[in-house]
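Reading through the structure tokens given below for one structure.
All of these numbers come straight from a predicted model, not from anything done at the bench.
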2 protein chains.
Amino acid sequence: MAKAATLPERERGVCCPPTIKVRPERVEGTTEILKALADPTRLQMAIALRDADQPVCVCDFTATFDLSQPTVSHHMARLREAGLVEVTKKGIWSFYRLRSDLPLGARRILEALG
Amino acid sequence: MAKAATLPERERGVCCPPTIKVRPERVEGTTEILKALADPTRLQMAIALRDADQPVCVCDFTATFDLSQPTVSHHMARLREAGLVEVTKKGIWSFYRLRSDLPLGARRILEALG
DNA sequence: ACAACGCATTGACGGTTGTCAATGGGTATG
DNA sequence: CATACCCATTGACAACCGTCAATGCGTTGT
């Protein structure tokens, strides 16, 4: 991550396209994860799930954030569609936790947060 | 990041709001960074800048991505407004690089990508 | 002076997003 | 059965986002 202090010498009309080393499919996947986390509510939900030692039920999030229940449910659905969390129903409650088979890339991003 | 396999026992009408340990201001800042990175083009731009050993000029990105020049300029502006990159003008060219005084949180997220 | 280049800004457009009210379905309790 | 609770889905709406065409401005070369 070191940067040269000097600026490159350039010639008019000649550009130097940087090499994109990330595979396109990976770009798309990473973007989806970032979009799922790029919301204050979902970010806090994801961090809470990451740090929780037990699955968290939806009513807890509804009690935590000043949002309507459908909105909380909507955010959980987005985290689920992004492949970040999984849900287990027990009685009336829905318990969420981070997916156990979380890809390494997703795990690294989650651990970089907070 | 370990999860208990068993689900908590719950009682109707009683919720257990998880403790949010992240400071609200930090949530907002992190969200802004994630929103800035949650686009395929900007993600690749940021990774390219992170891995570049020299500042990259805008025309290089314009040549790399199949997007109009205003769109590329717009994306660079968003990365700049998020505090991720800084620009130095030299002659006709604008060279971008990661901000030298990047906060630790932003740096950790960037290094978790790709 | 004039033309060419690099880049930012503006305006406009369709698509996406965050939010809520209303509704419905499933599960436990009286 | 009836009620209360938990949760997901739908529909609607304003706000935001990604993109391009057009324009403007500063710099360089002829």
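When the nearest nucleotides of DNA chain D are assigned to A/Asp60 and B/Asp39 by heavy-atom distance, the more 5′-ward of the two goes with A/Asp60. With the nearest nucleotide of DNA chain C identified for both A/Asp66 and A/Gly13, A/Gly13 has the one nearer the 5' end.
B/Thr30 contributes a side-chain N or O that, together with a main-chain N or O of B/Arg26, makes up a donor-acceptor pair within less than 3.5 Å. In this structure, the side chain of B/Asp60 engages the main chain of A/Cys16 through a donor-acceptor pair within 3.5 Å.
Considering only heavy atoms from C-beta on, B/Val87 stays 4.5 Å or farther from B/Met76 through its side chain.
Atom CG of A/Leu37 and atom CG of A/Leu43 lie 6.5 Å apart (nearest 0.5 Å). Atoms OH and CG, on A/Tyr96 and A/Leu84 in that order, are 12.5 Å from each other to the nearest 0.5 Å.
Within residues 69-96 of chain A, the residues approaching DNA chain D are A/Gln69, A/Pro70, A/Ser73, A/Ile92, A/Trp93, A/Ser94, A/Tyr96, by heavy-atom distance under 4.0 Å. Within a heavy-atom distance below 4.0 Å of DNA chain D, no residue of residues 14-38 of chain B is found.
Across all their heavy atoms, A/Ala82 and A/Glu32 have their closest contact at CB-O, 4.3 Å. The two residues A/Thr41 and A/His75 make their nearest non-hydrogen contact at CG2-CD2, 3.8 Å. Contact between B/Pro18 and A/Thr64 at its shortest, heavy atoms only, is CD-OG1, 3.2 Å.
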Begin from the C-alpha positions of A/Met45 and A/Phe65 and carry the test side-chain contact (heavy atoms from CB on, under 4.5 Å) through to its verdict.
-> CA-CA 10 Å; A/Met45 285 173 165; A/Phe65 303 103; 3.7 Å; yes

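Atom-to-atom, CE of A/Met45 to P of D/dC7 comes out at 11 Å; the value is rounded to the nearest Å.
Evaluated for a side-chain contact (heavy atoms from CB on, under 4.5 Å) with A/Leu34, the options B/Leu113, B/Ile33, B/Asp39 yield exactly one hit, B/Leu113.
Nearest to the side chain of A/Arg12, among D/dC5, D/dT27, D/dC7, sits D/dT27.
Salt-bridge annotation for A/Arg97 and A/Glu86: present, with a side-chain N of the basic residue lying under 4.0 Å from a carboxylate O of the acidic one.
Nucleic acid contact for B/Arg42: sugar-phosphate only, since backbone atoms but no base atoms lie under 4.0 Å from a heavy atom of the residue.
Here chain B contacts DNA chain C (any atom closer than 4.0 Å to a heavy atom, that is under 4.0 Å), and the contacts span C/dC5 to C/dT29 from 5' to 3'.
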